[in-house]
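Below: the structure, in C-alpha cells.
Keep in mind it's a predicted model, so treat the numbers as computed, not measured.
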Amino acid sequence: MLNDVKVVICGKEYKMKTAESPNYVFALARTLEAKIEEILESSSGASPYTAAIMVALGILDDLNKSSKRLDNIRDQAKEYVDEAGKARIERDAALKEIEVLNSKIVQLENLVKLKQLKDSI
C-alpha cells in the first residue's frame with residue numbers, strides 16, 4: 001500500500017506516494033534539510049539548489065563506496081563458504097580414511113591373536 005507523504009525541505013513542500021512509512025520519509029527529509037543547511041551555512045552565496053546538488057553528490061559518493069565495500073564483503077563471504085566446503089570435503093575424506101585404518105587395525109589384531117593361538121597349540 002502506498003502512503004501519501006508531504007514533506008517540507010528548505011521551505012518548499014513536496015508531495016509523494018511511497019511504500020515507506022511516513023516517519024521514515026520525514027526522517028530522511030530532516031536529514032536532507034540539515035545537510036543542505038550545513039552547506040548553506042559554510043558556503044556564502046550558495047543557493048539551496050547548489051547545496052542540494054552538493055549534498056546529492058556526497059550521498060552518491062557514499063553510496064558508491066558502500067556498494068564497493070558490500071561487493072568486497074560478498075566476495076569475501078563467498079571465499080569463506082568455498083573454503084568451508086573444501087574443508088568439509090577434506091574432513092569427510094579423513095573420516096573415511098580413519099574408518100579404513102581402524103578396520104585394518106582390527107584385522108591385524110585378529111591376525112596377531114590367530115598367530116598366538118596357533119603358536120600355543
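Closest of all the heavy-atom pairs between Glu33 and Gly11 is OE2-N, 4.2 Å. Closest of all the heavy-atom pairs between Ala19 and Asn3 is O-ND2, 4.0 Å. Between Pro22 and Val5 the shortest heavy-atom distance is CA-CG2, 4.0 Å. In terms of heavy atoms, Ala46 sits closest to Leu40 at O-CD2, 3.1 Å.
The hydrophobic cluster containing Ile53 does not contain Tyr14, counting ILVMFWY residues as joined when their side-chain heavy atoms lie under 4.5 angstrom apart, directly or transitively. With hydrophobic clusters built from ILVMFWY side chains whose heavy atoms lie under 4.5 angstrom apart, Phe26 shares a cluster with Ile36. Following chains of ILVMFWY side-chain contacts shorter than 4.5 Å, one cannot reach Leu117 starting from Leu108, and the two form parts of different hydrophobic clusters.
The environment of Glu13 atom CD is dense: over 12 non-hydrogen atoms of other residues, nucleotides or ligands sit within 6.0 angstrom.
Salt-bridge formation is detected for the pair Asp119/Lys115: a Lys NZ or Arg NE/NH1/NH2 atom is positioned less than 4.0 Å from an Asp or Glu carboxylate oxygen. By the 4.0 Å N-to-carboxylate-O rule, Lys78 lies close enough to Asp82 to be salt-bridged with it.
Distance NZ/Lys104 to CG/Leu111: 13.0 Å, rounded to 0.5 Å. Rounding to the nearest 0.5 Å gives a distance of 9.0 Å between CG of Leu28 and CD1 of Ile9. A distance of 9.5 Å separates CG of Leu63 from CD1 of Ile59, quoted to the nearest 0.5 Å. The distance from the CD atom of Glu83 to the CD atom of Glu90 is 10.5 Å, given to the nearest 0.5 Å. Between atom CD of residue Gln76 and atom CZ of residue Arg74 there is a gap of 13.5 Å, rounded to the nearest 0.5 Å. Rounding to the nearest 0.5 Å places OG of Ser43 at 4.5 Å from CE of Met54.
A donor-acceptor pair under 3.5 Å is formed between the side chain of Ser66 and the backbone N or O of Asp62.
Under the 4.5 Å side-chain criterion, counting only non-hydrogen atoms from C-beta, Ser47 is in contact with Thr50. The shortest side-chain heavy-atom distance between Leu32 and Val55 falls under the 4.5 Å cut-off. Using a 4.5 Å heavy-atom cutoff, the side chains of Lys12 and Val8 are not in contact.
Partners of Lys65 under the salt bridge (Lys or Arg N to Asp or Glu O under 4.0 Å) rule, at least two apart in sequence or in another chain, are Asp61.
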